[in-house]
Amino acid sequence: MRTRFAPSPTGFLHVGAFRTALFSYLLAKRYGGDFLLRIEDTDQKRLVKGSLEHIIQSLNALGTPYDEGPDRASVAALPEAYGTVDPALLPENGGAFGPYIQSLRKARYTEVVESLLDAGKAYWAFETEEELAGKRAACDARKIPYRYDRHFRDYDLAEARKRVADGERAVVRLKMPTEGPIRTVDFLRGETLWDANTQDDFIILKADGLPPYHLAAMVDDHDMEISHVLRGEEWISSTPKHVSVFQAMGWEPPIFLHTPGVLGNDRKKLGKRNGAKPLLGPVPEFDKNYVPTGEFLIGYLNQDGILPEALFNFLSICGWSPGNDREVMTREEIIEAFDISKISPSPAIFDLEKLQWMNGVYIRSLSPSAFYEKARPYLPEGLDADYAAAAIALEQERVKELREVPEVTDFFFSELPEYSERSVAKWLKGSGAYLAELDSAIAALPEWSVAAIEAAVRSVAASHKREKGEATHPVRVALTGREVGPGLFELMAVLGKERLAVRFKKAKELADGGTDS
RNA sequence: GGCCCGUUGGUCUAGCGGUUAGGACGCCUCCCUUUCACGGAGGAAACCAGGGGUUCGAUCCCCCUACGGGCUACCA
């Protein structure tokens with residue numbers, strides 16, 4: 001069992017691609033196999049600096065690291081246009097089937113193309129791109145479907161090679177069957193028969209000397225002994241091309257499984273073409289000339305504080321289910337339950353609200369110290385660690401994304417809370433005497449515990465004939481400036497005597513002018 | 001236009017010829033409770049895209065239509 005993820009270094013890794021990578025990873029791990037990363041950079045024009053590192057970082061961040069893939073030596077061999085990759089992210093030895101970067105495998109593709117040429121299964125074609133565009137336009141004008149006219153299909157090979165040797169620009173095309181159906185099998189959707197006359201003698205070697213995807217990926221999947229090819233459903237239509245390559249070379253094709261797209265709320269595919277943002281890992285800085293367009297649904301989930309484990313879990317059940325009602329599962333449980341035949345063949349809409357809910361589930365399952373560690377990057381610098389940990393622990397069951405932590409805990413860390421006028425008017429006015437008495441009672445407490453604090457507050461409240469919200473709300477507003485938040489007595493215990501005294505003093509001033517009831 | 005793929009509540013899905021069509025998110029109500037949240041108990045929400053078949057019986061098998069998506073590049 002060997003699977004691979006084969007993205008192009010052309011920008012952000014988007015959810016759809018990410019989920020396909022996850023499925024590939026899960027399949028390999030389910031059967032104890034290997035998951036490989038291969039970089040498909042045969043279109044050098046679309047290369048975006050920094051995206052190679054982004055791809056590797058993202059895979060690591062999600063928790064789907066590759067068993068075989070780019071290593072230090074091969075990345076070092078890349079031109080500067082790829083940007084740098086943190087060596088710590090790269091293995092010393094990428095694996096026995098490398099290099100795993102297509103631009104570094106040019107010689108092997110040439111070899112395959114030459115053998116196809118020799119066998120009479122492919123041919124050189126000399127039309128320029130302009131001529132081809134002209135042929136296409138002519139068909140469009142007559143409203144007939146365009147197909148390459150196979151002008152050079154029977155052109156003399158020796159003659160063609162001479163022209164190429166003389167420096168003429170040319171491409172190599174594969175001779176597709178001219179009759180009979182071409183049969184492809186998709187693991188999820190079954191067999192489909194493609195009429196030969198809908199097929200084109202497609203290009204397998206571009207004029208720049210590199211092959212396009214249709215050839216390169218097949219050669220690599222074969223050479224790297226990939227058993228299951230999981231890829232996006234946009235590849236379904238070109239599968240007949242792919243099986244034709246395998247057939248021409250006399251190779252056994254892998255099992256193809258096309259994963260459905262992941263759509264945004266607008267039902268539009270979430271892909272790099274509409275500029276979905278990255279999911280995890282540091283936000284990459286790409287070249288200025290890389291401008292994603294369209295809807296930005298995903299946002300910077302990593303910056304928002306979505307935990308990798310939550311995303312791993314969520315993505316795994318986005319378009320797949322274990323066949324029962326289980327949704328929250330550990331990574332081990334997911335791997336054990338993973339079954340590609342239960343992948344849904346229809347596209348799914350990315351449900352951000354459900355992800356947020358699930359992230360909350362994962363945040364709540366964290367130990368207080370783990371939660372503190374995860375939340376720390378979102379907190380201001382220079383806080384007392386013990387105090388900060390105790391403070392944010394009170395919010396752990398309330399936040400769905402880590403980014404919420406600073407705004408819901410800021411009153412712990414500022415000298416005085418920000419008092420909203422509305423809250424002051426509603427709860428502080430007329431509570432001066434109550435707060436004053438509370439202040440002294442708290443200051444006089446011999447023992448500092450949540451229970452002791454609660455007892456003191458309840459006692460003072462009782463003497464003022466205050467119950468429930470009447471008793472607690474003025475205190476909450478006095479100490480935090482707001483009306484919602486963690487348990488009042490817990491929060492007071494964490495704030496401590498000194499901070500409490502300062503806040504009571506300020507609150508009494510704000511309450512001035514009113515009379516206690 | 002041509003060729004493909006898809007279609008169960010708003011969303012993600014279970015189902016694989018006989019079910020009161022199950023679960024989750026979201027929404028609503030109630031309980032717990034000092035607020036919010038968590039947790040608990042309920043509820044609204046799908047004539048299984050529509051129409052034909054096959055069958056004693058179709059969400060499930062076949063066909064057609066509609067809608068959505070993809071491909072139709074010297075991009076992947």
Side-chain angles (χ1 to χ4, degrees), chain A residues 6-8 10 17 40-43 45-46 125 127-129 132-133 136 139-140 143-147 169-173 184 186 188-189 192 194-195 197-200 202-214 216-217 231-240 258 260-261 263 265 267-269 271-273 314 317-328 342 344-358 360-361 364 395-400 408 454 457-458 461 466-473 475-477 480 482-489:
Chain A
S8 295
T10 52
E40 312 236 315
D41 57 347
T42 55
D43 184 7
K45 294 184 296 295
R46 298 209 306 150
E127 292 91 348
T128 63
E129 292 186 59
L132 254 15
R136 216 176 348 258
C139 284
D140 285 352
K143 296 203 158 153
I144 56 172
Y146 167 77
R147 237 170 317 119
R169 280 177 73 83
V171 300
V172 177
R173 289 175 180 269
T184 65
D186 173 85
L188 257 23
R189 294 160 253 253
T192 97
W194 309 74
D195 197 321
N197 65 33
T198 63
Q199 298 298 311
D200 220 345
F202 62 99
I203 289 168
I204 57 174
L205 191 70
K206 298 180 285 180
D208 68 2
L210 279 167
Y213 174 92
H214 301 310
R231 46 158 34 171
E233 67 179 347
E234 67 270 21
W235 294 108
I236 292 177
S237 319
S238 35
T239 310
H258 295 95
L263 276 26
N265 279 146
R267 292 212 88 90
K268 287 279 162 36
K269 191 183 166 199
K272 55 189 141 199
R273 281 166 197 179
F314 176 74
I317 61 159
C318 183
W320 172 78
S321 100
N324 51 38
D325 292 333
R326 295 215 56 190
E327 292 196 323
V328 178
K342 290 198 182 305
S344 163
S346 59
I349 289 173
F350 188 84
D351 188 349
L352 190 59
E353 283 192 335
K354 188 157 183 173
L355 203 213
Q356 287 166 334
W357 161 78
M358 187 170 275
V361 171
R364 273 173 253 129
E395 276 293 343
Q396 187 171 351
E397 67 174 23
R398 249 167 289 266
V399 298
K400 288 194 163 76
V408 295
E454 174 163 9
V457 173
R458 295 237 183 261
R466 287 173 177 262
E467 293 182 332
K468 303 211 165 184
E470 286 288 306
T472 56
H473 269 106
V475 192
R476 179 181 295 284
V477 172
T480 72
R482 58 188 72 169
E483 297 173 53
V484 299
L488 180 62
F489 313 114

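Proteins get letters first, then strands, A, B, ... in listed order; numbering begins at 1 in each.
- No hydrogens or angles considered: nothing links the side chains of Ser344(A) and Trp320(A) as a donor-acceptor pair under 3.5 Å.
- Taking 4.0 angstrom as the limit, Thr42(A) places a side-chain polar atom (N or O) nearer than this to OP1 or OP2 of rA76(B).
- Pairing of rG1(B), defined by two Watson-Crick or G-U wobble distances under 3.5 Å, is identified with rU72(B).
- When heavy atoms are screened at a 4.0 angstrom cut-off, Ala471(A) is found touching no nucleic acid atom at all.
- Thr128(A) comes within contact range of at least one nucleobase, with a heavy-atom separation under 4.0 Å.
- Closest to the side chain of Val484(A), out of rC36(B), rG6(B), rU13(B), is rC36(B).
- If you measure from atom NZ of Lys400(A) to atom P of rA37(B), you get 8 Å, rounded to the nearest angstrom.
- Within the 3.5 Å criterion, the main-chain N or O of Pro212(A) finds no donor-acceptor partner in the side chain of Thr42(A).
- Taking atom CD1 of Ile317(A) as the reference point, atom P of rA24(B) lies 12 Å away to the nearest angstrom.
- rU54(B) makes up no base pair with any nucleotide shown, lacking Watson-Crick or G-U wobble contacts both under 3.5 Å.
- Across the P atoms, rC5(B) and rC61(B) are found 15 Å apart, a figure rounded to whole Å.
- The gap from the P atom of rA66(B) to that of rG50(B) amounts to 16 Å, rounded to the nearest Å.
- A donor and an acceptor atom never sit less than 3.5 Å apart when one is taken from the side chain of Arg189(A) and the other from the base of rC5(B).
- Pair check for rG39(B) finds rC31(B); Watson-Crick or G-U wobble, both atom distances under 3.5 Å.
- Across all strands, Arg326(A) comes closer than 4.0 Å to no nucleic acid atom at all (heavy-atom distances).
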Which is it for Glu327(A) and Lys354(A) under the salt bridge (Lys or Arg N to Asp or Glu O under 4.0 Å) test, yes or no, and what are the steps along the way?
CA-CA 11 Å; Glu327(A) 292 196 323; Lys354(A) 188 157 183 173; 3.0 Å; yes
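- Look at the C1' atom in both rC25(B) and rC16(B): the space between them is 25 Å, to the nearest Å.
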Every protein N/O within reach of nucleotides 29-34 of chain B N/O, cut-off under 3.5 Å:
| residue | atom | partner | partner atom | Å |
| --- | --- | --- | --- | --- |
| rU34(B) | OP1 | Arg458(A) | NH2 | 3.2 |
| rU34(B) | O2' | Thr472(A) | OG1 | 3.1 |
| rU34(B) | O2 | Arg476(A) | NH2 | 2.9 |
| rU34(B) | N3 | Leu488(A) | N | 3.3 |

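- Counting any heavy atom pair closer than 4.0 Å across all strands shown, Glu327(A) reaches a base atom.
- Contacts of Arg169(A) with the nucleic acid, taken as non-hydrogen atoms under 4.0 Å apart, are absent.
- In this structure, OG1 in Thr239(A) is found 6.5 Å from CH2 in Trp194(A), a value given to the nearest 0.5 Å.
- When the nucleotides rA76(B), rA37(B), rA73(B) are ranked by their closest atom to the side chain of Arg136(A), rA73(B) comes out on top.
- A gap of 15 Å separates the C1' atoms of rG26(B) and rU13(B), to the nearest Å.
- The distance from atom CH2 of Trp194(A) to atom P of rU72(B) is 12 Å, rounded to the nearest whole Å.
- The nearest whole Å value for the distance from the CG atom in Asp325(A) to the C1' atom in rU19(B) is 14 Å.
- Nucleic acid contact for Trp235(A): base, since at least one base atom lies under 4.0 Å from a heavy atom of the residue.
- Within the 4.0 Å cut-off from OP1 or OP2 of rC16(B), not a single side-chain nitrogen or oxygen of Lys342(A) is found.
- Residue Pro345(A) has its side chain nearest to rU7(B) when only rU7(B), rA76(B), rC12(B) are considered.
- If you check every strand for non-hydrogen atoms under 4.0 Å, Gln199(A) touches nothing.
- Listed nucleotides rC5(B), rU13(B), rA76(B) differ in distance to Glu233(A); the shortest reach to its side chain belongs to rC5(B).
- Nucleic acid contact class of Gly323(A) (heavy atoms, under 4.0 Å, all strands): sugar-phosphate only.
- Residue Glu397(A) places its side chain closer to rA37(B) than to any other of rA37(B), rA24(B), rU13(B).
- Residue Glu353(A) is classed as a sugar-phosphate contact, given heavy-atom separations below 4.0 Å to backbone atoms only.
- Between Val172(A) and Ile203(A), every side-chain heavy-atom pair lies at or beyond the 4.5 Å cut-off.
- Ranking rA37(B), rC4(B), rG39(B) by closeness to the Ile236(A) side chain, first place goes to rC4(B).
- The side-chain heavy atoms of Phe489(A) and Arg458(A), taken from C-beta on, include a pair separated by under 4.5 Å.
- Distance, Glu40(A) CD to rA76(B) C1': 8 Å, rounded to whole Å.
- Comparing rU65(B) with rC28(B), their C1' atoms are spaced 38 Å from each other, to the whole Å.
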Decide side-chain contact (heavy atoms from CB on, under 4.5 Å) for Arg189(A) and His258(A); before the verdict, give the C-alpha distance in whole Å, the side-chain angles of both, and the deciding distance to 0.1 Å.
CA-CA 9 Å; Arg189(A) 294 160 253 253; His258(A) 295 95; 3.3 Å; yes
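- We find that CD1 of Ile203(A) is positioned 11 Å from P of rA76(B), with the value rounded to whole Å.
- Atom P of rC48(B) sits at a distance of 13 Å from the matching atom of rG10(B), rounded to the whole Å.
- A close approach under 4.0 Å does occur between a side-chain nitrogen or oxygen of Arg364(A) and OP1 or OP2 of rG39(B).
- For the pair Arg482(A) and rU35(B), the criterion of a side-chain N or O lying under 4.0 Å from OP1 or OP2 is not met.
- We find that CG of Asp351(A) is positioned 10 Å from C1' of rA24(B), with the value rounded to whole Å.
- Shortest non-hydrogen contact noted between Arg364(A) and Glu397(A) is CG-CA, 3.6 Å.
- Taken from CG in Leu132(A) to CD in Glu127(A), the straight-line distance is 5.5 Å, to the nearest 0.5 Å.
- Here the nucleotide nearest the side chain of Ser8(A), chosen from rA76(B), rC74(B), rC12(B), is rA76(B).
- Evaluation of atom-type donor-acceptor distances gives a pair under 3.5 Å for the side chain of Ser237(A) against the base of rG70(B).
- Across rG23(B) and rG9(B), the matching P atoms stand 16 Å from one another, rounded to whole Å.
- The separation of rC32(B) from rG6(B), taken at their C1' atoms, amounts to 46 Å, rounded to a whole angstrom.
- For the atom pair Arg466(A) CZ and His473(A) NE2, the distance stands at 12.0 Å (nearest 0.5 Å).
- In this structure, CZ of Arg46(A) is placed 13 Å from C1' of rC74(B), rounded to the nearest angstrom.
- Both Tyr213(A) and Tyr146(A) lie near RNA chain B, and the one whose nearest nucleotide falls closer to the 5' end is Tyr146(A).
- Aromatic ring pairs are classed by plane angle as parallel below 30°, tilted from 30° to 60° and perpendicular above 60°; the pair Tyr213(A) and Trp235(A) is parallel.
- The nucleotide rA66(B) finds its pairing partner in rU7(B), both defining distances of the Watson-Crick or G-U wobble pair being shorter than 3.5 Å.
- Residue Lys206(A) places at least one side-chain N or O under 4.0 Å from the OP1 or OP2 atom of rA76(B).
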